[in-house]
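All values below were derived from every heavy atom in this structure, side-chain atoms included, with hydrogens, water molecules and symmetry-related copies excluded. All chains are named by letter (A, B, ...) in the order of the sequence lines, taking the proteins before the strands, and each is independently numbered beginning at 1.
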Protein chains: 2
Amino acid sequence: MADAAGPRQDEPIPDATVARLPIYLRGLVELSDDGVSTVSSVVLASLAGVNAANVRKDMSYLHAHGTRGVGYEVDHLIGEISLALGGGVRSPVVIVGVGNLGRALSRYDGFVAGGFPVAGLVDADPAVVGRKVAGNIVRSVEDLADLVAETGCTVGIVATPAAAAQVAVDSLVASGVSSILNFAPTVVTVPDRVDLRQVDLATELQILGYHQHHRAVAGRSDRATG
Amino acid sequence: MADAAGPRQDEPIPDATVARLPIYLRGLVELSDDGVSTVSSVVLASLAGVNAANVRKDMSYLHAHGTRGVGYEVDHLIGEISLALGGGVRSPVVIVGVGNLGRALSRYDGFVAGGFPVAGLVDADPAVVGRKVAGNIVRSVEDLADLVAETGCTVGIVATPAAAAQVAVDSLVASGVSSILNFAPTVVTVPDRVDLRQVDLATELQILGYHQHHRAVAGRSDRATG
DNA sequence: GATGCCATGTGAAATGGTGCACAAGCGCCT
DNA sequence: AGGCGCTTGTGCACCATTTCACATGGCATC
């Protein structure tokens with residue numbers, strides 16, 4: 001009986017798998033909306049752009065078993081993945097930094113749809129504090145701890161300039177937030193108990209730039225040697 | 001003498017290394033601004049948040065040798081990394097989709113600073129076409145090929161809703177763009193010759209959600225078993 | 001000029017992830 | 001009831017990446 005509820009989530013799921021779960025989930029929800037009730041690993045793989053064996057292995061980590069000869073039950077998979085990805089709990093987020101990016105993020109539908117409603121916005125600039133953005137009044141960064149406490153936020157999004165990012169992160173950590181998504185183009189540090197992910201827009205372009213440049217150089221070299 | 005210019009870029013740099021180069025570059029530029037002329041792998045590693053041996057191996061892929069007992073020359077490293085990341089060539093980008101996110105991206109300083117000036121914006125919505133956003137007149141998505149040809153864009157950014165993303169990507173590919181950064185929350189496909197990177201904001205939060213949930217479950221289980 | 005210190009550069013082991021290939025199992029059709 | 005075709009679940013080998021550990025070699029000091 002302790003068995004029934006307990007050991008499901010105990011074994012950790014590999015990071016690479018976790019990163020794919022939201023992709024699977026999107027594809028599955030789409031299938032469900034289309035009235036599809038069953039899906040094979042091959043189909044789900046093509047929807048997610050990965051290998052079919054990879055899908056099967058990922059599902060085995062979730063203990064989301066399918067039926068041999070048939071496939072996986074779509075709704076069941078949706079349930080299992082949702083459960084793994086936070087148990088369907090809606091985690092409100094607070095956005096620090098209401099510049100261009102912060103405003104865009106506060107209006108981004110995908111957050112709400114994904115179970116992460118924006119509970120509040122804060123900024124350090126007094127000129128911005130008090131203004132209403134996407135239905136939220138911007139509050140002072142000094143109210144951050146209060147805001148987090150009031151709304152029960154556990155996730156913080158940092159959309160400040162690079163120079164302010166570490167301070168923003170520290171404030172979030174001090175306020176009790178345990179997960180942080182950092183959009184500022186700088187390396188920030190957090191205590192071990194806090195989970196940090198970095199999204200770096202300029203970096204992504206630079207990586208693309210490398211491949212472009214490298215293709216060009218390789219092409220030239222091909223012509224030279226071939 | 002053919003040796004001097006040629007074979008530097010021939011051996012491919014591992015993807016994991018390429019992904020770190022922009023991070024190193026940021027740290028190095030900061031050091032250079034502070035008047036620091038020499039840096040050890042240990043210091044650079046702490047700036048980038050990685051292991052020092054990793055830094056040294058990464059630099060060896062670039063043939064950016066340091067001096068034993070001393071470290072690496074900051075300006076030299078900046079030059080080598082910039083060279084690897086596209087040779088200092090400025091690649092203008094075109095943004096498809098001028099919604100909340102597209103507008104924010106078009107105003108994002110980091111792109112210009114990183115050598116990726118926004119050369120144009122396009123949208124499918126006639127209500128948006130013709131409006132001026134961040135100094136650019138929004139043009140129709142039908143003009144995309146012309147715009148790419150005029151400006152010599154090689155990079156496209158997709159900031160459309162999910163439903164329009166594949167069409168946007170196809171248009172970019174048809175227009176001759178060879179690198180695409182997709183912000184739409186959906187899996188898109190491109191020909192092999194085109195390089196695609198996916199940035200998925202909601203997915204990032206869901207990954208954070210997994211870890212948060214998992215920590216909570218592990219904590220409960222700790223109390224139960226310990 | 002020799003010696004000691006220090007940081008690089010790299011071989012090799014450990015780690016983590018991917019994909020193949022195949023056995024096992026389920027349902028359908030005869 | 002039996003056989004067949006389809007799909008899951010997984011052992012295994014391969015590959016990329018990380019990390020350790022140490023030999024190598026330059027610089028400064030004496």
Task: Presence of B:Ser60 side-chain N/O under 4.0 Å of C:dG9 phosphate oxygens OP1/OP2 - done: no
To the nearest angstrom, how far is [X] atom [atom1] from [N] atom [atom2]?
X	N	atom1	atom2	answer
A:His65	C:dC26	NE2	C1'	15 Å
A:Leu44	D:dC6	CG	P	20 Å
B:Asn54	C:dT10	CG	C1'	13 Å
A:Tyr61	D:dT10	OH	P	10 Å
B:Arg56	D:dC20	CZ	P	10 Å
B:Glu73	C:dA7	CD	P	17 Å
A:Asp58	C:dG16	CG	C1'	13 Å
B:Leu77	C:dT8	CG	P	10 Å

Task: Under-4.0 Å salt bridge between A:Arg26 and B:Asp200 - done: yes
Task: First of B:Gly69 and B:Arg20 reached from the 5' end of DNA chain D, by closest nucleotide - done: B:Arg20
TODO: Test for a donor-acceptor pair under 3.5 Å between the base of D:dT7 and the side chain of A:Arg68, counting only N and O atoms.
DONE: no
- [ ] State whether the distance check finds a donor on one side and an acceptor on the other, under 3.5 Å, for side chain A:Lys57 versus base D:dT10.
- [x] no
Open item on the list: Need one value for B:Ala16: base, sugar-phosphate or nothing, where a base atom within 4.0 Å counts as base even if backbone is also close, heavy atoms only.
Closed with: sugar-phosphate
TODO: Tell me yes or no: between the side chains of A:Ser37 and A:Asp75, is some donor less than 3.5 Å from an acceptor?
DONE: no
- [ ] Assess the side chains of A:Ser179 and A:Asp195: does a donor N or O sit below 3.5 Å from an acceptor N or O?
- [x] no
- [ ] Report yes if some heavy atom in the side chain of A:Val74 is under 4.5 Å from a heavy atom in the side chain of A:Thr38; otherwise report no.
- [x] no
TODO: Name the closest nucleotide to the B:Thr67 side chain, picking from D:dT8, D:dG26, D:dT17.
DONE: D:dG26
Task: Donor-acceptor contact below 3.5 Å, side chain B:Tyr210 vs main chain A:Ile13 - done: yes
Open item on the list: If you assign B:Tyr72 and A:Ala53 each to the DNA chain C nucleotide with the nearest heavy atom, which residue ends up on the more 5' nucleotide?
Closed with: B:Tyr72
